[in-house]
Amino acid sequence: MDSSESKPLVVVLMGPPGAGKGTHAGPLSEHLGLPHISTGDLFRENIRSQTALGQKAKQFIDQGQLVPDDLVLDMLFERVAECKGGYILDGCPRTLYQAAALDRKVQGHNRLIVLNFQIRDEELVRRLSGRLSCKGCGKTCHKQFAPPKRDGVCDSCSGALYQREDDQEAVIQKRLEVYRKQTLPLIEYYGRQKEVLKEINSEQKKDLVFSDVLEALHERVYS
Ligand code: AP5
């Protein structure tokens with residue numbers, strides 16, 4: 001094993017809103033024994049606790065816009081500092097600026113792999129408009145595709161299920177537009193770094209998507 005292979009792994013889950021990043025981040029975190037860091041979840045926690053950061057972020061999130069880079073990176077790197085053994089990033093980086101900052105952070109210290117979840121827009125809209133999120137554990141389910149056993153109650157922790165403000169049709173369209181403009185260029189950015197970017201077909205059933213995720217990681221994790 002050379003020195004690069006013993007470095008802690010950083011896995012980036014990338015893809016448009018509703019592509020399944022959050023769905024697979026939890027099981028992947030258990031599988032790899034690495035913490036799952038979702039910048040969206042961190043912002044939502046800050047909004048619930050009414051911190052100054054949460055109040056600033058809410059204005060952008062409710063409109064389907066990205067939160068400014070400096071707010072994202074300060075919050076992210078504070079959290080990442082606790083994760084010496086590697087981590088899974090869900091929904092970050094989302095701009096070229098964030099990607100370059102992450103590169104500087106991991107360079108020389110970590111192995112980086114980016115999994116890009118691919119899915120058509122019409123499927124995204126179906127997934128997001130029916131998504132229910134748990135106020136307790138944050139897990140998601142879906143009104144039609146994966147309904148909870150009891151209406152309004154999370155199967156995992158019995159917490160209350162709710163629909164995210166930004167999962168309304170008009171905001172979903174705005175998020176998709178922002179994704180195309182600001183996040184899609186990252187595919188080319190990471191595509192230029194050999195062996196870093198892996199494509200995942202996210203339109204399959206969940207268990208098939210997850211096995212593709214494990215296969216994509218296999219080479220990098222166990223080599
Ligand atoms: P964030 O919370 O990260 O939202 P997002 O990226 O838009 O992603 P989602 O959480 O909506 O989707 P997902 O891919 O996790 O899909 P999920 O697995 O839930 O960010 C929210 C906001 O915060 C942003 O808009 C921005 O304002 C701000 N923000 C966050 N990070 C930022 C950053 N780095 N920079 C700037 N701003 C930032 O799946 C969706 C649904 O589909 C679920 O109901 C699920 O059950 C279902 N589903 C999943 N997989 C399948 C399948 N295979 N088959 C059928 N159904 C499925």
Side-chain angles (χ1 to χ4, degrees), residues 12-29 36-47 53-54 56-77 79-80 88-99 101-102 115-121 123-134 138-148 154-156 161-168 171-184 186 200-213:
V12 172
L13 306 183
M14 215 170 74
K21 304 179 293 293
T23 297
H24 295 289
L28 189 60
S29 163
H36 162 208
I37 304 174
S38 155
T39 39
D41 286 348
L42 290 175
F43 284 130
R44 282 184 288 277
E45 277 167 34
N46 273 278
I47 292 169
L53 173 63
K56 280 186 203 153
K58 189 173 187 324
Q59 302 162 29
F60 298 96
I61 292 175
D62 285 353
Q63 291 179 31
Q65 301 282 358
L66 294 186
V67 177
D69 288 330
D70 53 340
L71 296 183
V72 175
L73 292 172
D74 286 352
M75 177 183 74
L76 176 71
F77 291 150
R79 175 72 182 89
V80 158
I88 299 167
L89 287 181
D90 162 6
C92 192
R94 263 168 141 109
T95 63
L96 287 167
Y97 186 88
Q98 291 175 22
L102 179 68
L115 303 179
N116 183 38
F117 288 70
Q118 290 181 314
I119 181 167
R120 286 167 303 147
D121 284 4
E123 180 62 19
L124 291 176
V125 174
R126 284 224 304 265
R127 287 188 185 182
L128 289 176
S129 50
R131 172 166 62 181
L132 296 169
S133 307
C134 175
K139 284 197 178 152
T140 61
C141 56
H142 193 280
K143 285 178 195 166
Q144 285 94 43
F145 307 145
C154 173
D155 286 349
S156 299
L161 296 172
Y162 75 105
Q163 182 156 35
R164 274 171 42 178
E165 293 267 329
D166 60 348
D167 280 348
Q168 294 162 37
V171 187
I172 294 172
Q173 293 303 339
K174 184 71 204 172
R175 286 161 68 198
L176 286 175
E177 190 188 314
V178 167
Y179 167 79
R180 281 187 214 102
K181 218 178 192 168
Q182 294 184 262
T183 309
L184 256 187
L186 295 190
I200 303 291
N201 172 5
S202 193
E203 284 208 25
Q204 312 170 85
K205 286 189 186 317
K206 283 184 198 175
D207 52 346
L208 294 180
V209 176
F210 194 61
S211 26
D212 283 1
V213 164

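Order of appearance sets the numbers: ligands from 1, and atoms from 1 within every ligand.
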For ligand 1, find out whether one of its N or O atoms is nearer than 3.5 Å to an N or O atom of [X].
X: Gly20; answer: yes
X: Val67; answer: yes
X: Pro93; answer: no
X: Arg164; answer: yes
X: Cys92; answer: no
X: Lys205; answer: no

(request) Test Ile200 against every option in Asn116, Ile119, Val213 by the side chain to side chain contact (heavy atoms under 4.5 Å, CB included) rule and name the one that passes. (result) Val213
(message) If we check side chain to side chain contact (heavy atoms under 4.5 Å, CB included) with Val72, which of these qualifies: Leu66, Thr95, Val67?
(response) Val67
(request) Identify whether the distance between the nearest side-chain nitrogen and carboxylate oxygen of Lys181 and Glu177 falls below 4.0 Å. (result) no
(request) Could you tell me whether Asp166 and Arg164 make a salt bridge, using a distance below 4.0 angstrom between a side-chain N and a carboxylate O? (result) yes
Residue [X] vicinity, atoms of ligand 1 by number, heavy atom under 4.0 Å:
X: Gln204; result: 52 (C), 53 (N)
X: Arg44; result: 2 (O), 21 (C)
X: Gln65; result: 26 (C), 27 (O)
X: Gly22; result: 13 (P), 15 (O), 18 (O)
X: Gly91; result: 31 (N), 32 (C), 33 (C), 34 (N)
X: Leu128; result: 11 (O)

(request) Of all the heavy-atom pairs spanning Gly20 and Phe117, show the shortest one and how long it is. (result) O-CE2, 4.1 Å
(message) If I compare all heavy atoms of Leu176 with all of Pro16, which pair ends up nearest, and what's the gap?
(response) CD2-CB, 4.3 Å
If you measure from [atom] to every heavy atom of [options], which option wins on shortest distance?
atom: atom 35 (N) of ligand 1; options: Gln98, Lys21, Glu203, Lys139; answer: Gln98
atom: atom 29 (N) of ligand 1; options: Tyr97, Phe117, Phe43; answer: Phe43
atom: atom 46 (O) of ligand 1; options: Arg131, Lys58, Lys206; answer: Lys206
atom: atom 20 (O) of ligand 1; options: Arg94, His142, Arg175; answer: Arg94

Nearest non-hydrogen protein atom, [atom]:
atom: atom 52 (C) of ligand 1; answer: Arg127 NH2, 3.2 Å
atom: atom 45 (C) of ligand 1; answer: Thr23 OG1, 3.7 Å
atom: atom 31 (N) of ligand 1; answer: Thr39 OG1, 2.7 Å
atom: atom 44 (O) of ligand 1; answer: Cys141 O, 2.9 Å

(message) Is any side-chain heavy atom of Lys143 closer than 4.5 Å to one of Gln163?
(response) yes
(message) So Arg175 and Asp167, do their side chains get closer than 4.5 Å, heavy atoms only?
(response) yes
So is [X] in contact with ligand 1, going by heavy-atom distances below 4.0 Å?
X: Gly18; value: yes
X: Ala19; value: yes
X: Ser38; value: no

(message) Counting neighbours of CZ on Phe210 that are heavy atoms of other residues, nucleotides or ligands and sit closer than 6.0 Å, is the number greater than 12?
(response) yes
What's the separation between atom [atom1] in [X] and atom [atom2] in [Y], rounded to the nearest 0.5 Å?
X: Leu115; Y: Leu28; atom1: CG; atom2: CG; result: 7.5 Å
X: Tyr97; Y: Asp70; atom1: OH; atom2: CG; result: 7.5 Å
X: Arg127; Y: Thr23; atom1: CZ; atom2: OG1; result: 7.5 Å

(request) With side chain to side chain contact (heavy atoms under 4.5 Å, CB included) as the test, would you mind laying out the steps for Gln182 and Arg94 before giving the verdict? (result) CA-CA 7 Å; Gln182 294 184 262; Arg94 263 168 141 109; over 6 Å; no
(message) Quick one: does any side-chain atom of Glu45 pair with a main-chain N or O of Leu42 as donor and acceptor, under 3.5 Å?
(response) no
